[in-house]
There are 2 protein chains.
Amino acid sequence: MEPEDWHLVRSTPLFGRIPKDVTARLVGSSGPRCYEKGALLFQQGDPADAFYVILEGWVKIARLTSEGGEAVVGMFRRGETFAEAAMFLGGRYPANAEVVAPSRLLKIDGENLRKSIRENPDLALCMLASASHHLKFLVEQIEQIKLLSAPQRIADFLIQQCRTRRGSCVVVLPYEKALIANRLGMKPESFSRAIGRLRNLGVSVDHEYVSIADVATLVAFVEKSSVES
Amino acid sequence: MEPEDWHLVRSTPLFGRIPKDVTARLVGSSGPRCYEKGALLFQQGDPADAFYVILEGWVKIARLTSEGGEAVVGMFRRGETFAEAAMFLGGRYPANAEVVAPSRLLKIDGENLRKSIRENPDLALCMLASASHHLKFLVEQIEQIKLLSAPQRIADFLIQQCRTRRGSCVVVLPYEKALIANRLGMKPESFSRAIGRLRNLGVSVDHEYVSIADVATLVAFVEKSSVES
DNA sequence: TGGGGACTTTGACGCGGATCAAACCGCAGC
DNA sequence: GCTGCGGTTTGATCCGCGTCAAAGTCCCCA
């Protein structure tokens with residue numbers, strides 16, 4: 001494995017706080033693999049035998065219904081791990097994983113993980129911390145869907161894209177608008193209209209570049225449902 | 001602690017698969033405590049120093065916004081544990097916990113838990129399994145809100161209340177209708193109307209008793225958005 | 001350079017659920 | 001019994017977002 005890749009793996013919360021040799025053993029000998037956009041890593045119901053580290057690219061986790069509906073429950077990027085919780089769910093992945101941008105991924109064997117945990121309690125604590133953060137994220141997602149309007153969810157998304165909490169800033173949308181719309185639980189048409197309605201809050205869109213006059217305005221808008229759009 | 005209580009604690013996935021003395025140490029010496037309906041156990045932002053086992057009653061976990069909005073993210077009952085994941089989130093509870101029916105709870109010290117985990121890797125595996133199930137539950141919640149209509153969410157809720165998957169059955173609503181509505185992400189008025197619309201699918205309501213002519217009909221209704229209500 | 005396909009935007013329209021308001025019901029207290 | 005109160009139902013109305021359809025726009029590639 002390339003030194004940059006190793007460094008990236010060691011920077012994840014899962015692999016960073018455990019002895020190097022444990023990390024090395026988990027990663028195993030099989031190197032990273034490249035995937036095209038559109039590739040399916042696993043599907044709901046498949047045997048859950050491995051999880052992944054993203055060295056490059058984007059992966060979408062979603063649930064599908066028999067009727068063609070899709071609910072995005074997570075978007076993961078470079079430096080993040082996903083599906084590790086599925087290693088403890090009794091054998092099956094609970095959702096689909098699809099590569100949505102050209103990616104390079106590291107596949108980690110689940111059985112290997114379970115063995116390492118018994119020998120290294122610190123690893124278990126890391127996994128618990130990771131799972132807890134993921135839980136918190138999902139709780140926030142539910143809150144967002146349940147009590148924010150479409151423009152507010154977009155505003156919230158934009159806020160999270162920029163580092164700062166006030167002042168002006170330009171964010172580059174990380175992936176297609178239709179995907180963002182899906183992640184935020186709305187249709188592409190609604191996304192387009194809703195982000196347009198943020199214009200008089202100082203948000204202007206030019207292709208994938210979104211410039212925000214004052215992030216604080218957006219923060220206020222997300223927190224107070226009474227603010228006019 | 002009473003023998004029945006001890007038995008109940010040992011029947012939870014968290015405390016059932018570890019040595020008895022570890023369970024005993026975790027439970028500690030402070031016995032169960034009773035709470036009135038309406039009591040707040042902790043609030044979003046409070047220092048997360050303990051989690052709970054429910055010996056009797058119901059507890060609601062919800063996120064509140066500054067504007068008075070509330071998003072229920074979990075309802076827990078007798079024999080279940082909650083807030084254990086918060087022990088690994090860096091010190092703060094991410095949501096509120098409110099007792100919604102007269103309850104008897106056991107409070108478990110978080111620091112105690114962290115210590116025990118280091119000495120007993122099996123406990124870590126139990127916690128991971130618990131957290132993973134919770135993750136799956138939240139993912140299903142998101143799916144439900146995103147792509148089911150109000151009547152479908154109610155139908156899904158009813159299905160989960162009855163053991164069987166087909167045939168007729170009478171379920172007793174576990175708590176107030178307004179609370180169920182809230183849990184399902186809708187207003188009480190919408191709940192009332194929506195459950196009324198399930199009448200011609202064989203669902204009739206009499207106060208807290210809901211009789212279902214054929215559960216399979218509801219299952220089909222939840223799965224296919226094309227079925228007429 | 002021009003054509004085709006994927007993505008995005010805009011428009012018209014309908015529906016589901018929220019909102020506001022009032023009536024209704026079961027129940028505890030006087 | 002009446003009264004008051006929390007919870008539920010019903011009614012009228014409104015608005016946000018989904019849906020269907022069409023027009024734009026960008027970009028890849030022949």
Side-chain angles (χ1 to χ4, degrees), chain A residues 36-38 58 60 65 67-72 100-102 144-155 172-199 203-210 221-222 225-229, chain B residues 36-38 58 60 65 67-72 100-102 144-155 157 172-199 203-210 221 225-229:
Chain A
E36 303 278 315
K37 171 175 175 174
W58 283 94
K60 172 181 78 180
T65 60
E67 297 302 295
E70 185 188 57
V72 177
V100 292
Q144 226 200 28
I145 301 169
K146 275 192 180 171
L147 25 93
L148 295 189
S149 68
Q152 283 176 315
R153 277 173 302 188
I154 294 176
V172 182
L173 299 181
Y175 34 82
E176 297 156 20
K177 290 176 181 174
L179 241 180
I180 299 176
N182 202 344
R183 221 226 76 176
L184 297 178
M186 68 188 80
K187 298 293 161 186
E189 300 96 313
S190 297
F191 177 85
S192 181
R193 286 183 237 269
I195 203 171
R197 227 168 296 136
L198 293 178
R199 173 169 304 279
V203 176
S204 52
V205 184
D206 179 42
H207 298 90
E208 69 263 40
Y209 297 97
V210 179
F221 172 64
V222 170
S225 51
S226 55
V227 173
E228 291 304 307
S229 62
Chain B
E36 302 279 315
K37 170 176 175 174
W58 282 94
K60 172 182 78 180
T65 61
E67 298 301 294
E70 185 186 57
V72 177
V100 293
Q144 225 199 32
I145 301 169
K146 275 193 180 171
L147 24 92
L148 295 189
S149 68
Q152 283 176 316
R153 277 173 299 184
I154 294 176
F157 180 82
V172 182
L173 299 181
Y175 34 82
E176 296 155 19
K177 291 176 181 175
L179 242 179
I180 299 177
N182 202 344
R183 221 225 77 178
L184 298 178
M186 68 188 82
K187 299 292 161 188
E189 300 96 313
S190 297
F191 177 85
S192 181
R193 286 183 238 270
I195 203 171
R197 227 167 296 136
L198 293 179
R199 173 169 304 281
V203 176
S204 53
V205 185
D206 179 44
H207 297 92
E208 70 263 40
Y209 298 96
V210 179
F221 172 64
S225 51
S226 55
V227 173
E228 290 305 306
S229 63

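Chain letters run A, B, ... following the sequence lines, proteins first and then strands; every chain starts at 1.
Of the residues in residues 175-183 of chain A, A:E176, A:K177, A:A178 come within less than 4.0 Å of DNA chain C through at least one heavy atom, sorted by number.
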message: For A:L147 and A:Q152: C-alpha separation, side-chain torsions, deciding distance, then whether side chain to side chain contact (heavy atoms under 4.5 Å, CB included) applies.
response: CA-CA 9 Å; A:L147 25 93; A:Q152 283 176 315; over 6 Å; no
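Put simply, CG on B:D206 is 15 Å from C1' on D:dG7, counting in whole angstrom units. One can place CZ of B:F191 at 9 Å from P of D:dT8, the figure rounded to the nearest angstrom.
For A:P151 against A:R197, the heavy-atom pair with the smallest separation is CG-NH1, 3.8 Å. The two residues A:P174 and A:I180 make their nearest non-hydrogen contact at CD-CD1, 4.4 Å. Scanning both residues, B:I154 and B:A194, for their nearest heavy atoms gives CD1-CB, 3.5 Å. B:A150 and B:M186 make their closest contact through O-CE, 3.7 Å (heavy atoms, listed as atom of the first residue, atom of the second, distance). Nearest heavy atoms, A:V72 versus A:K60: CG2-CD, 3.9 Å. Scanning all heavy atoms of the two residues, the minimum distance from B:N182 to B:E70 falls at ND2-OE1, 2.7 Å.
Nearest-nucleotide positions on DNA chain D for B:S192 and A:S190 put B:S192 closer to the 5' end.
For DNA chain C, the span of nucleotides reached by chain A at under 4.0 Å from its heavy atoms goes, 5' to 3', from C:dC7 to C:dA12.
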Distances under 3.5 Å only, N/O to N/O: pair up the protein atoms with those of nucleotides 13-16 of chain D.
none

Atom pairs, N/O to N/O, protein against nucleotides 22-28 of chain D, distance under 3.5 Å?
{"unit_1": "D:dC26", "atom_1": "OP1", "unit_2": "A:H207", "atom_2": "NE2", "d": "3.4"}

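Residues satisfying the side-chain hydrogen bond (donor to acceptor under 3.5 Å, both in side chains) test with B:S190, not counting sequence neighbours, are none. Scanning for salt bridge (charged side-chain N to carboxylate O under 4.0 Å, His left out) contacts around B:E189 gives an empty result, with sequence neighbours left out.
Not one N or O on the side chain of A:K177 forms a donor-acceptor pair closer than 3.5 Å with the backbone of A:E208. In terms of modelled atom types and a separation under 3.5 Å, the side chain of A:K146 and the main chain of B:G69 share no donor-acceptor contact.
In this structure, CZ in B:F157 is found 10.0 Å from CD in B:Q144, a value given to the nearest 0.5 Å. Taking CG from B:L173 and CG from B:L179, the interatomic distance works out to 11.5 Å, rounded to the nearest 0.5 Å.
In the set D:dT19, D:dT10, D:dG18, D:dT10 carries the atom at the smallest distance from any side-chain atom of B:R193.
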